[in-house]
Amino acid sequence: MKLCVIGLGYIGLPTSAMFANAGLEVVGVDKKQAIVDALNNGQVLIEEKGLAEFIKNVVASGHLRATTQIEPADAFIIAVPTPIKPDKGSDMRFVKSATEDVATVLKKGDLVVLESTSPVGTVDSLMLPILESTGLKAGRDFALGHSPERVIPGNILYELVNNHRVAGGIDEESADRIAALYKSFVKGEIYKTNARTAELCKLSENTFRDVNIAFANELAKICEAENINVWELIEICNKHPRVNIHQPGPGVGGHCIAVDPWFIVEKEPKLAQIIDLSRHTNDSMPGYTAGRIRGILEGNGIEGRAKVAVLGITYKPNVDDMRESPVIELIEILKGEGYEVAAADPFVGDREGLPSFEDAVTGADLVVLGVNHAQYKELDFEALGKLVKHRLFFDTRNFISREAAEKAGFRYYLLGKKD
Ligand SMILES: NC(=O)c1ccc[n+]([C@@H]2O[C@H](COP(=O)([O-])OP(=O)(O)OC[C@H]3O[C@@H](n4cnc5c(N)ncnc54)[C@H](O)[C@@H]3O)[C@@H](O)[C@H]2O)c1
C-alpha cells in the first residue's frame, strides 16, 4: 500500500515514519525544500526524543522518502498547520491547499484522512466539495474522514503507538478503512465514529483542560480576595475521589490548548459561553499577574522604572517552545508600563539572545518566577540575594521553597495568595 503524508512537521514526520516502519510505502510531502532534503538524507530538523535515530533507520530501509510534489497513492494523510488568525478565527488555508493538491491525483478507491486539529465541519464542508470537484463521489468512489492527533511533544513516538485513537468517517466504510490503516502500528484502542464527532472530540479534549485551568485561575483570584491560599485549597479539594482541579498560573500557552477552544467558539458563538469565557479568563492572567507585580513593587515603596527579572519565558516547563507563551505577554505588558524587564531561560536563552541568569537578576528590584523549569527548583537564594537590589521574589507557579527564600532574607509573594 502506498501512503502520502502531507505536512512533515511535529505530527506528519513521526507518523510517516511509523507507517513506513510498519511496512507501507510512504511518501512524505512538504512545501519546504529543506525538510524534504533533510528527510531524504535520513535527517530531521525538529527536536523530538528518539526521532532522529528512528528516521535514519526507516529511510535506510527504503520505505520512506520525501518530495515537494504530491504523488498518486492509495491513501493520503493531511497533517498541516491549523493556526488561528489575530481575530481568533481559524486559518484553514493549509488544509484547503493540501486538499486541493490531493484532488489533483485522487482516483477511485483512495482514502483521504485529515489529522490536523480542525473546526467541526472541515471534512464535510471544506474538504469534501474540493475532492468531489474531481467528479469522484465521496463514499461511493473514495473514503474520507478525520483521525485527530493527540500526542504530546517529547513523547510522540511512544504515544503515537500507545494512545487510543478516533477514526471518524463520512460513512461507516470510511471509518472502517481509517481504523484499518492506523491498526498497522497503533496498539491503543481505535474508536470508530463519524467525522464531525471526531472533529469535536479533539477540540473538546483540549477545551476541557482550558476550562478547568480557567476555573483554577478564577479560584486564584477569589482566593487572593478572600485571603486563602489557592494552591492549598486545590490540593485539599483534589483529595476528593471525583475532583480534579487543574493548576492556576500566569496564563495558558502553546499551540493547542490556547487555540483549539476558539474553533468551537467561532462555530457556535451563542452556545459556547463557558468556553468563550474560559478563554478570556485565561487570557486575562498575564495582565492580572502584571497587576500583582505592580502591587508588590508599590507595596515595598519602589516607584518609577523598577527592574523586574523574569525567570522562564516558554509556554510550559522544561521545553524550548515559546508559542503563545503567556509569560512573553506578561513581559510586554510590564515593558508597556515602563518597567525595565530582563528575562532569562535555560532552554531558549542562547537561541533568543537573552541575558544570562546572573545578568538578568543583577540589580533587580523584583525577581519573578515565570516558568517552573526544573533548574529553578533549587535556586540558591543566598547567591541571588547578593546580586539583586531588593530581596523580593514573586512565584507565579507555587514552585519555589518559601522557607529557603525567607531564610535568605527575601520577601516571598505567591500568585493565588495575597500577603
Ligand atoms: N505538534 C503537536 O504537538 C500537535 C499535537 C496534536 C495535534 N497537532 C495538530 O497537527 C497539525 C500539524 O501540526 P504540526 O505541529 O505537525 O505542524 P508543523 O508546523 O510542525 O508542521 C506542518 C508542516 O506542514 C507543511 N505544510 C503546510 N502546508 C502544506 C501544504 N499545503 N503541503 C505540504 N506541506 C505543507 C509545513 O511546511 C510544515 O512543515 C495541526 O493541526 C496541529 O494543531 C499538533
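Counting starts at 1 for both ligands and their atoms, in listed order.
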Trainee: Quick one: does any side-chain atom of S325 pair with a main-chain N or O of T314 as donor and acceptor, under 3.5 Å?
Mentor: yes
Trainee: Relative to the ring of Y182, is the ring of F185 parallel (under 30°), tilted (30 to 60°) or perpendicular (over 60°)?
Mentor: perpendicular
Trainee: Indicate yes or no: does E149 engage K202 in a salt bridge with an N to O separation below 4.0 Å.
Mentor: no
Trainee: Quick one: does any side-chain atom of D395 pair with a main-chain N or O of L415 as donor and acceptor, under 3.5 Å?
Mentor: no
Trainee: Over 60° means perpendicular and under 30° means parallel, so tell me whether Y412 and F393 are parallel, tilted or perpendicular.
Mentor: parallel
Trainee: Taking only heavy atoms of the protein into account, state which residues are under 4.0 angstrom from an atom of ligand 1, in chain and number order.
Mentor: I6, G7, L8, G9, Y10, I11, V29, D30, K31, K32, I35, A79, V80, P81, T82, F94, S97, A98, S116, T117, E149, V151, P153, K202, H255
Trainee: So, E224 versus Y288: side-chain donor-acceptor pair below 3.5 Å or not?
Mentor: yes
